[in-house]
Every structure is written in C-alpha cells, then in structure tokens.
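Just the heavy atoms: all of them, side chains too, but no hydrogens, waters or symmetry mates, feed the values below.
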2 protein chains.
Amino acid sequence: MSQRRFTSEVAEWVKGVGLRPTKQRVALARLLFNHGHRHVTAEQLHSEAKAAEIPVSLATIYNTLNQFTRAGLLREVVVEPGRSYFDTNTDDHHHFYFEDSGSLRDIPGDQVELGNLPEAPAGTSVDRVDVIIRVRENQGHNAGRTSTG
Amino acid sequence: MSQRRFTSEVAEWVKGVGLRPTKQRVALARLLFNHGHRHVTAEQLHSEAKAAEIPVSLATIYNTLNQFTRAGLLREVVVEPGRSYFDTNTDDHHHFYFEDSGSLRDIPGDQVELGNLPEAPAGTSVDRVDVIIRVRENQGHNAGRTSTG
DNA sequence: ATACTTGCAAATCGTTTGCAATACC
DNA sequence: GGTATTGCAAACGATTTGCAAGTAT
C-alpha cells in the first residue's frame, strides 16, 4: 500500500485489477491513495475532485468507488443509516466512530483482541468481522472511560 | 424483557418511557415485543401491521421505531447502506450478518471476548461497541470456518 | 472498430417532515 | 379542551440507472 505518485504507475495499478485506466478513475485513485489512509464519502470525494479540477460526475464517483470496492482496493464502512465511508485501508482493522462529528478513526487490527469468537453458522464462512467502537464527546467530566461498563 | 401479552400491560409500559400509549404505538409494541427477540426493518413491521389489521402509516412506523429507540426499548443496527434493523434485544450483544439473505442473528455478549480494547480517544467516552460478523454461504466446500484468517 | 465509460437527468430507495385531522388525558 | 399524535403526501438525501456521446485498446 505504498504511494503511487505517478499517473502511469496508478494507471498500471488500476489496470491490474481489471479496470480500464480512464482519466477519471486514475485521477480518483490518485486522490484516494496518495495521501495515506483515508475515509471518504462519495460527496467528499466529489468535492475534492472538483477542487482538484478533475471533471467527474457524482454518478461516476459512485460507480468508481463501487468498482474499487469490488476490486478489493477499498472497504466500505457503514456507520449510520445514510452515512457510509470508503476506507482506503483494506487490512484487517477496526474503527472508532465519533458520533458527534460523524468521522472515523482506524484501529489497527492487533489492537483489538477478538478472543473466543463463536463459530460461523453451519454452511457459512466468515467474510469479515467489523468492530465499531462508538464514542461521543463527554460534555461533563468523567474523561477517558474505556469500556461500555 | 418478559413478554407483555395484554394491551393494558403494554400500554403501561409505553407510558412508562414517556410516550402516550396510542392505539398504534401499543399495537406496534405488541408486535415487536411479544414474540421473543426480533430484528425488523420499518417496511417489515409495516407489512406485519397490515397483516394484523392494524391501521398505521409507514411514517408512523418510522416515528415509533425512532421513539422506541430513543427510549431505549430498541437498538438500531446498520448493516449495509440502506438496510437498517431495529433490534428488540437491547442487552450487550453482537451480531452475525448473513450477507446473502440480509438477515441478522444475535450473538450473546458473553460469546465474544473483547479483550484489550484501545482507550477511547481523549475527551470521548465509549457509547457502545458493535461487533458484526459478516458471513456468507459457502457454495464450495470448506464449511465451518471460524476466523477471518 | 468495438466495447467499455462517462455524464446527465430521471428514477429509485429509505427515511423525514409539514400540516390538517384526530386521539389521548 | 388543549396538547400530542397520526396520516398523507410532498420533500429529502443518498445512491443507482438508462441512454446518448465520448474514450481506451
């Protein structure tokens, strides 16, 4: 997951997952993957693209994000009805969700011990395990609690 | 969380959380809470209500589900963009999510060991921790895997 | 040249809301 | 009677889709 600075490099990469390296796909890939790990919504990426003078429609943003997700380049994280993020980190990891701001923060996979998980129901296999720790700003005192109690 | 079979009992219960025990609220409460723990969508509940000859609009279903959730009678679980369930089990517990059928199954809280959780970021407190184990039917062989690997 | 992509606008889905009519206390 | 609630339909935000025009191989 090192950064791919050059357009040609990104183009190869996109091609590598079976997608035509079109102008918008390559441009979006650069926006997404050249700035470290990110959590973006479709709207956010659209704004960024506009700011970066990349002509791309919102529909194409959605299509591209979905294609990238199917290709394994992104992972979708749903936190609330009507709020879903695309995470450029596809490694095994989890999330803090800040209920006040609506933002996400990665938690490295090894920082959560998931011991003793129940077996997948008969006839099924585990696709992935999502852990979302929902936190909110404590207006009063009692800072730094760590467990749900 | 024992079952409340009688309308008057349910009415008291609804009143107890600060909501007027109207005909539709009480009827919906009975549908929701008299059949063991359930995971329902608004649409599902609406269909059930119609089937049960309970005249209630979809808008009221949504309002009621949200009020019940705020009152702590229900817990909302978002599994995919555009698919959220209301869970009548508000105890500390987790979920299997069947990606093929789109359905949920409870996992008792004590069946998941969440060891060593990272501290809540400074200035925040943990509201709750959601664990969703996403499983899918294995079309091939390799039945009964248990971990993501 | 041909198949894949894009962009637009319309369509769709799930959900919320304004407001007049109605039900509860 | 007065306030909370309902229902309808319209509004809404997020996402998808049909189709004509454009682009990559």
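The shortest distance between side-chain heavy atoms of Pro81(A) and Glu76(B) falls below 4.5 Å. Asn116(A) is not listed as a side-chain neighbour of Val112(B), based on a closest heavy-atom distance of 4.5 Å or more.
Salt bridge annotation for Arg75(B)-Asp92(B): absent, with no cationic side-chain nitrogen under 4.0 angstrom from a carboxylate oxygen.
For Gln67(B), no side-chain nitrogen or oxygen approaches OP1 or OP2 of dA4(D) to under 4.0 Å. Dashed line: the shortest gap from a side-chain N or O of Arg25(B) to OP1 or OP2 of dT6(D) is under 4.0 Å.
End-to-end axis angle of the helix from dA1(C)-dT25(D) to dC25(C)-dG1(D), from C1' rotation axes over five pairs per end: 30° (rounded to 10 degrees).
With sequence neighbours left out, the side chain to side chain donor-acceptor pair (under 3.5 Å) criterion links Ser57(A) to Thr60(A). Applying the side-chain contact (heavy atoms from CB on, under 4.5 Å) criterion to Ala49(B), with sequence neighbours excluded, gives Leu28(B), Leu31(B), Ile54(B), Val56(B). Residues meeting the side chain to side chain donor-acceptor pair (under 3.5 Å) test with Thr69(A), sequence neighbours left out: none. Taking Arg25(B) as the reference, nothing meets the salt bridge (charged side-chain N to carboxylate O under 4.0 Å, His left out) condition, with sequence neighbours excluded.
Hydrophobic side-chain contacts under 4.5 Å tie Val78(A) into a cluster, directly or through other members, with Val78(B). As a member of the Ile/Leu/Val/Met/Phe/Trp/Tyr network built from side-chain separations under 4.5 Å, Tyr97(A) groups with Val77(A), Val79(A), Tyr85(A), Leu104(A), Ile132(A).
Pairs engaging residues 98-117 of chain A under the salt bridge (charged side-chain N to carboxylate O under 4.0 Å, His left out) rule: Glu99(A)-Arg136(A) [sequence neighbours left out]. Identified under the salt bridge (charged side-chain N to carboxylate O under 4.0 Å, His left out) test for residues 32-51 of chain A, with sequence neighbours left out: Arg38(A)-Glu48(A).
Rounded to whole Å, atom P of dA4(D) lies 17 Å from atom CD of Gln24(B).
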Under 3.5 Å, which N/O atoms of the protein pair with N/O atoms of nucleotides 12-17 of chain D?
from	atom 1	to	atom 2	distance (Å)
dT15(D)	OP1	Ser84(A)	OG	3.2
dT15(D)	OP2	Tyr62(A)	OH	2.3
dT15(D)	O5'	Tyr62(A)	OH	3.3
dT16(D)	OP2	Asn66(A)	OD1	2.9

Could you go through nucleotides 20-25 of chain D and list every protein N or O atom that sits under 3.5 Å from one of its N or O atoms, giving the distance for each pair?
none

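Judged by distance alone, the side chain of Asp91(A) and the main-chain N or O of His93(A) form no donor-acceptor pair under 3.5 Å.
For the 3.5 Å distance criterion, the side chains of Glu137(A) and Thr124(B) fail to qualify, holding no donor opposite an acceptor.
Of all nucleotides in DNA chain C having an atom under 4.0 Å from a heavy atom of chain B, the first and last in 5' to 3' order are dG14(C) to dC25(C).
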